[in-house]
Visitor: 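Okay, handing you the structure first.
Every heavy atom of this structure was used, including side-chain atoms; hydrogens, water molecules and symmetry mates were not. A, B, ... follow the sequence lines: proteins, then strands. Residue 1 opens every chain.
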Amino acid sequence: MSQQGPVRTRFAPSPTGWLHIGGARTALYSFLLARQAGGQFILRIEDTDRKRYVPGSEEDLMEGLRWLGLEWDEGPDKGGPYGPYRQSERKALYRRYAEELVARGHAYYCFCTPERLARLREEQRRRKLPPRYDGLCRRLDPEEARRRVEAGESHVIRFKAPREGTVTAHDLIRGDITVANKDIDDYILLKSDGYPTYHLAVVVDDHLMKITHVLRGAEWLGTFPLHVHLYRAFGWPEPIWVHLSTFLKPSGKGKISKRDADIFRKDHKSVLIRDLREFGYLPEAVNNWMALMGWSYDDRTEFFTLDDLIEKFSLERLKPSPAAVNFSKLDHFNGLHIRALAPEELARRLVPFFQKAGYSVTPEDLLPLIPIIQTRLTTLEDGPQLAGFFFQEDIEHPEQDLIGDKMDAASSYQALSKVYQRLEALDPWTTETIEQVLRGLVEELGLKPRQLFGIVRVAVTGRRVSPPLFETMALLGKERCLRWMKQALAALERLQAPASPS
RNA sequence: GCCCCCAUCGUCUAAGUGGUUAGGACACGGGCCUUUCAAGCCCGCGGUCGGGGUUCGAGUCCCCGUGGGGGCACCA
């Protein structure tokens with residue numbers, strides 16, 4: 001362990017887009033680690049590139065994290081002892097640290113223009129050389145460089161990477177990673193606009209904020225040794241480094257592109273947290289799903305609540321290999337967590353989805369339906385689709401569907417009118433009495449249950465697929481059942497005697 | 001072109017320091033239940049990337065291939 005004190009982790013996104021499962025999973029693990037150790041989870045916004053700032057993304061990040069239940073202890077909106085937590089508000093700080101590195105001989109001023117650097121890279125590309133800074137300004141006399149800086153000349157500060165030897169960086173899940181120093185470029189630490197690059201900012205802030213475990217995506221593995229160099233140049237103790245595996249597209253072939261993401265969305269699948277929320281996924285399910293991509297508890301346990309995860313998560317069981325996202329597994333987890341919800345809670349969560357579909361309902365309206373729809377939902381979005389007719393004054397009857405299995409319009413009409421007569425006289429109107437009547441009629445009419453119930457189902461719901469029939473009818477009420485059956489009978493009548501052309 | 005990482009069923013994964021028929025989940029196929037659709041239960045299909053080593057013994061350790069991923073910006 002390189003640092004002592006409480007466990008402190010952070011999620012440090014840049015506000016350049018919407019929160020996606022890659023970032024959210026990093027946040028989740030970081031949150032879990034802090035919570036289980038009784039430490040702090042920090043949110044830090046890395047907005048040092050003003051050109052790439054996407055308005056609204058910071059809000060999206062926070063809303064997404066809160067929706068998932070990953071509340072932070074310190075962050076831009078709530079402050080904390082090591083603030084500010086937005087890098088653009090810490091700008092002055094970075095220059096000081098960059099200058100310190102120059103003073104210690106670990107960095108230098110560079111006056112090369114972007115144009116010269118572009119030409120240099122082009123030249124190197126042509127000669128099939130690795131693109132790298134050629135060290136022109138590294139050879140400048142420090143005194144002269146300082147004079148030029150003081151004269152106001154545009155410049156950056158670069159890291160003076162050692163030219164010989166190797167560095168060994170230790171990643172918790174991969175072990176030691178050793179690279180030759182000659183393969184490390186003289187990275188820019190401070191840009192000409194005075195903002196730091198990621199490399200400087202992340203090191204300075206993680207140190208100042210006393211971060212003990214750095215969890216981040218595997219895309220940082222390449223510059224990981226540079227960061228280790230920086231810690232050593234500053235003389236700071238390193239945090240524990242954990243580079244999380246990347247996510248691949250469902251086929252396992254390649255990472256997820258913007259185009260892939262658009263294709264998923266058409267099918268109401270998405271890698272964006274805001275979409276998953278909108279598409280009717282539960283935060284519980286999303287967390288469960290994300291947690292298991294790259295981590296496992298044992299050889300059988302798969303259902304986890306956030307509290308379970310706080311208790312059971314461990315860095316030791318993280319995997320280094322990339323994982324393909326599996327949306328059918330998300331569906332599976334969503335069904336599991338929907339079924340685990342208390343009826344009142346499910347009713348409450350379903351409300352916005354019914355409202356969006358045009359049904360103005362309250363949780364109380366929905367509650368009686370829960371017992372018959374809970375096992376039938378994959379997403380909350382399925383709610384109105386499955387049970388919207390409960391809140392309609394009228395329904396449509398697809399006429400052909402009113403004809404029973406292996407029957408014709410005439411016999412279906414006969415059967416349904418019999419049902420109508422008996423139910424009209426039924427009192428009281430309950431699941432049990434309805435079932436009694438209908439089962440009696442099955443017998444009496446010599447039909448199969450599926451034939452008669454099928455006809456009635458379409459008559460009273462307008463659909464071939466519905467929640468269980470008797471419960472549905474009881475909930476619908478006698479008046480609507482009779483009215484809709486009457487309409488169905490009229491439709492069957494029309495089918496028997498097709499209107500002759502007039 | 002250079003550097004780094006990874007490798008068990010289609011997919012997510014288990015098999016602490018090498019030791020039985022490589023286990024579970026999703027998906028898929030079949031069955032049970034059954035008024036539809038689900039849920040639930042049962043059964044099945046299916047895997048250690050290839051080649052060399054080390055060893056009595058390799059999914060597990062080493063090397064080489066191959067495949068995949070990431071990086072090589074005054075972006076993060």
Side-chain angles (χ1 to χ4, degrees), chain A residues 12-16 46-49 51-52 110 112-114 117-118 121 124-125 127-132 154-158 169 171 174 177-180 182-185 187-193 195-199 201-202 216-225 243 245-246 248 250-255 289 292-303 316-317 319-333 335 339 372-378 382 386 435 438-439 442 448-454 456-458 461 463-470:
Chain A
S14 63
T16 53
E46 310 223 328
D47 57 346
T48 54
D49 185 355
K51 295 181 289 293
R52 293 207 313 155
C110 174
C112 293
T113 63
L117 296 175
R121 267 195 300 275
Q124 287 163 334
R125 202 187 333 271
R127 294 172 55 193
K128 297 213 183 293
L129 290 169
R132 206 138 305 162
S154 179
H155 65 279
V156 301
I157 294 179
R158 284 183 183 273
D171 174 75
R174 270 162 266 259
I177 295 165
T178 300
V179 297
K182 67 172 170 55
D183 291 323
I184 297 173
D185 203 358
Y187 284 93
I188 289 174
L189 265 20
L190 196 76
K191 302 186 260 186
S192 59
D193 62 5
Y195 279 89
T197 58
Y198 172 82
H199 311 300
V202 75
R216 65 205 326 193
E219 62 269 24
W220 293 112
L221 231 30
T223 46
F224 175 29
H243 292 90
S245 61
T246 45
L248 270 27
S251 61
K253 293 269 181 196
K255 65 166 204 172
W289 178 58
L292 259 18
M293 285 190 282
W295 176 83
S296 63
Y297 177 63
D298 60 15
D299 63 342
R300 52 195 69 256
T301 318
E302 291 216 305
F303 182 91
E316 291 69 34
R317 295 192 66 90
K319 271 185 68 111
S321 46
V325 300
N326 184 343
F327 289 114
S328 40
K329 198 126 185 180
L330 204 214
D331 282 343
H332 168 71
F333 281 125
R339 276 169 252 139
I372 59 171
I373 64 173
Q374 191 158 19
T375 61
R376 275 162 255 264
L377 300 174
T378 296
D382 294 340
L386 184 68
E435 173 161 14
L438 291 181
R439 289 209 188 274
V442 164
K448 296 265 198 254
R450 60 177 299 121
Q451 291 179 302
L452 185 66
F453 298 165
V456 179
R457 181 187 313 283
V458 176
T461 68
R463 329 182 84 248
R464 300 187 92 115
V465 173
S466 81
L469 186 59
F470 315 128

Visitor: Closest to the V179(A) side chain: rA76(B), rU11(B), rC4(B)?
Guide: rC4(B)
Visitor: P atom, rG50(B) versus rA58(B): distance in rounded Å?
Guide: 15 Å
Visitor: In whole Å, measure the gap between the C1' atoms of rU60(B) and rG53(B) for me.
Guide: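 rU60(B) and rG53(B) have their C1' atoms separated by 15 Å.
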Visitor: Provide, to the nearest angstrom, the distance between the CG atom belonging to D183(A) and the C1' atom belonging to rC4(B).
Guide: 10 Å
Visitor: Could you tell me how far rC63(B) sits from rG24(B) if I compare only their P atoms? Round to whole Å.
Guide: 33 Å
Visitor: Looking only at side-chain atoms of S328(A), point me to the closest of rC2(B), rU13(B), rC26(B).
Guide: rC26(B)
Visitor: Determine the interatomic distance between C1' on rU13(B) and the same-named atom on rC9(B); round to the nearest Å.
Guide: 11 Å
Visitor: Output the rounded distance in Å from CZ (R216(A)) to P (rA76(B)).
Guide: 13 Å
Visitor: Whole angstrom is fine here: how far is it from CZ in F224(A) over to P in rC72(B)?
Guide: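 In whole Å, rC72(B) P lies 17 Å from F224(A) CZ.
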Visitor: Under a 3.5 Å cut-off for both contacts, is rC2(B) paired Watson-Crick or G-U wobble with anything, and if yes, with which nucleotide?
Guide: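 Partner of rC2(B): rG71(B).
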Visitor: I need the CH2-C1' distance between W289(A) and rA27(B), as an integer number of Å.
Guide: 15 Å
Visitor: R121(A) side chain N/O closer than 4.0 Å to the phosphate oxygens (OP1, OP2) of rC2(B)?
Guide: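 Answer is no, no contact under 4.0 Å.
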Visitor: Using atom C1' in both nucleotides, what's the gap between rC61(B) and rU21(B) to the nearest angstrom?
Guide: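 After rounding to an integer number of Å, I get 25 Å for this pair.
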Visitor: Between R174(A) and P320(A), which heavy-atom pair has the shortest distance, and what is it?
Guide: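 Heavy atoms of R174(A) and P320(A) come nearest at NH1-O, 3.4 Å.
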Visitor: Is a donor on one side and an acceptor on the other found under 3.5 Å between the side chain of T461(A) and the backbone of R463(A)?
Guide: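 Side chain of T461(A) to backbone of R463(A), a donor-acceptor pair under 3.5 Å: yes, one is there.
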Visitor: Atom OH of residue position Y297(A) - does it have more than 12 heavy atoms of other residues, nucleotides or ligands inside 6.0 Å?
Guide: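 Not buried by this count: 12 neighbours or fewer within 6.0 Å.
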Visitor: Verify the ring-centre separation between F303(A) and F333(A): is it less than 6.0 angstrom?
Guide: no
Visitor: Answer yes if the side chains of D331(A) and S328(A) hold a donor-acceptor pair under 3.5 Å, and no otherwise.
Guide: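 No - no donor-acceptor pair under 3.5 Å links their side chains.
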Visitor: Provide the distance between the two C1' atoms, one in rA14(B) and one in rG70(B), to the nearest whole Å.
Guide: 27 Å
Visitor: rC3(B) P sits how many Å from K128(A) NZ, rounded?
Guide: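 It is 15 Å, rounded to the nearest whole Å.
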Visitor: Compare the minimum distances between each of rA76(B), rA14(B), rG1(B) and the side chain of D299(A), then state the nucleotide with the smallest one.
Guide: rA14(B)
Visitor: Minimum heavy-atom separation for M293(A) and A324(A), please, with both atom names.
Guide: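 Smallest heavy-atom distance, with atoms named: SD-O, 4.2 Å.
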Visitor: Do R158(A) and L190(A) have side-chain heavy atoms sitting under 4.5 Å apart?
Guide: no
Visitor: Taking the same atom, P, in rC64(B) and in rC6(B), what whole-Å distance lies between them?
Guide: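 The same atom, P, in both gives a distance of 14 Å.
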Visitor: Count the heavy atoms belonging to other residues, nucleotides or ligands that lie under 6.0 Å from NZ of K448(A), then report whether that count exceeds 12.
Guide: no
Visitor: Taking atom types as they are modelled, would you say the side chain of S321(A) forms a donor-acceptor pair with the base of rC6(B) within the 3.5 Å cutoff?
Guide: no
Visitor: Could you walk me through whether R439(A) and F470(A) satisfy the side-chain contact (heavy atoms from CB on, under 4.5 Å) test, starting with their C-alpha distance in whole Å, then the side-chain angles of each, then the deciding distance to 0.1 Å, before giving a yes or no?
Guide: CA-CA 11 Å; R439(A) 289 209 188 274; F470(A) 315 128; 3.8 Å; yes
Visitor: Check every atom of rU8(B), rG24(B), rC6(B) against the side chain of P320(A) and return the nucleotide holding the closest atom.
Guide: rC6(B)
Visitor: Quick one: ring-ring contact (aromatic ring centres under 6.0 Å, His included) partners of F224(A), sequence neighbours excluded?
Guide: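 Per chain and number, F224(A) pairs via ring-ring contact (aromatic ring centres under 6.0 Å, His included) with W241(A), H243(A).
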Visitor: Under a 3.5 Å cut-off for both contacts, is rA25(B) paired Watson-Crick or G-U wobble with anything, and if yes, with which nucleotide?
Guide: rU11(B)
Visitor: Could you state the atom-to-atom distance from CE of M293(A) to C1' of rC12(B) in whole Å?
Guide: 8 Å
Visitor: OP1 or OP2 of rA25(B) sitting under 4.0 Å from any side-chain N/O of K329(A)?
Guide: no
Visitor: Counting just side-chain N and O atoms, does K191(A) come under 4.0 Å of either OP1 or OP2 of rA76(B)?
Guide: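 Yes, K191(A) has a side-chain N/O under 4.0 Å of OP1/OP2 on rA76(B).
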Visitor: Using the 3.5 Å cut-off, write out each protein N or O paired with an N or O of nucleotides 35-38 of chain B and the distance between them.
Guide:
| residue | atom | partner | partner atom | Å |
| --- | --- | --- | --- | --- |
| rU35(B) | OP1 | R439(A) | NH1 | 3.2 |
| rU35(B) | OP1 | R439(A) | NH2 | 3.3 |
| rU35(B) | O2' | R457(A) | NH2 | 3.4 |
| rU35(B) | O2 | R457(A) | NH2 | 2.2 |
| rU36(B) | O2' | R464(A) | O | 3.4 |
| rU36(B) | N1 | R457(A) | NH2 | 3.3 |
| rU36(B) | O2 | S466(A) | N | 2.9 |
| rU36(B) | O2 | S466(A) | O | 2.9 |
| rU36(B) | N3 | R457(A) | NH1 | 3.4 |
| rU36(B) | N3 | S466(A) | O | 2.7 |
| rU36(B) | O4 | P468(A) | N | 3.3 |
| rC37(B) | O2 | R376(A) | NH1 | 3.1 |
| rC37(B) | N3 | R376(A) | NH1 | 2.3 |
| rC37(B) | N4 | R376(A) | NH1 | 3.3 |
| rA38(B) | O2' | T375(A) | O | 2.4 |
| rA38(B) | N3 | T375(A) | OG1 | 3.1 |

Visitor: Rounded to whole angstrom units, what separation is found between the CD1 atom of I188(A) and the P atom of rC75(B)?
Guide: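 Going from CD1 in I188(A) over to P in rC75(B) covers 7 Å.
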Visitor: Quick check on RNA chain B: between K51(A) and E302(A), whose nearest nucleotide comes earlier from the 5' end?
Guide: E302(A)
Visitor: Name the pairing partner of rU54(B), where a pair is Watson-Crick or G-U wobble with both distances under 3.5 Å, or state none.
Guide: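 Base-paired to nothing in any strand shown.
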Visitor: Across all strands, who's sitting opposite rG40(B) as a Watson-Crick or G-U wobble pair, both distances under 3.5 Å?
Guide: rC32(B)
Visitor: What N/O pairs connect the protein and nucleotides 67-71 of chain B at under 3.5 Å? Give each pair on its own line.
Guide:
| residue | atom | partner | partner atom | Å |
| --- | --- | --- | --- | --- |
| rG69(B) | OP1 | G254(A) | N | 3.3 |
| rG69(B) | O2' | T246(A) | OG1 | 3.4 |

Visitor: For the C1' atoms, the ones on rC12(B) and on rG71(B), what distance do you get once it is rounded to whole angstrom?
Guide: 26 Å
Visitor: What's the closest nucleotide to the side chain of T197(A) if the choices are rG1(B), rC12(B), rC75(B)?
Guide: rC75(B)
Visitor: So, do V456(A) and L469(A) sit near enough that their side-chain heavy atoms are less than 4.5 Å apart?
Guide: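 Side-chain contact under 4.5 Å: yes.
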Visitor: Is any side-chain heavy atom of S321(A) less than 4.5 Å from a side-chain heavy atom of S245(A)?
Guide: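 Not in contact.
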Visitor: Quick one: D331(A) CG to rC26(B) P, roughly how many Å, whole number?
Guide: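 About 13 Å, once rounded to whole Å.
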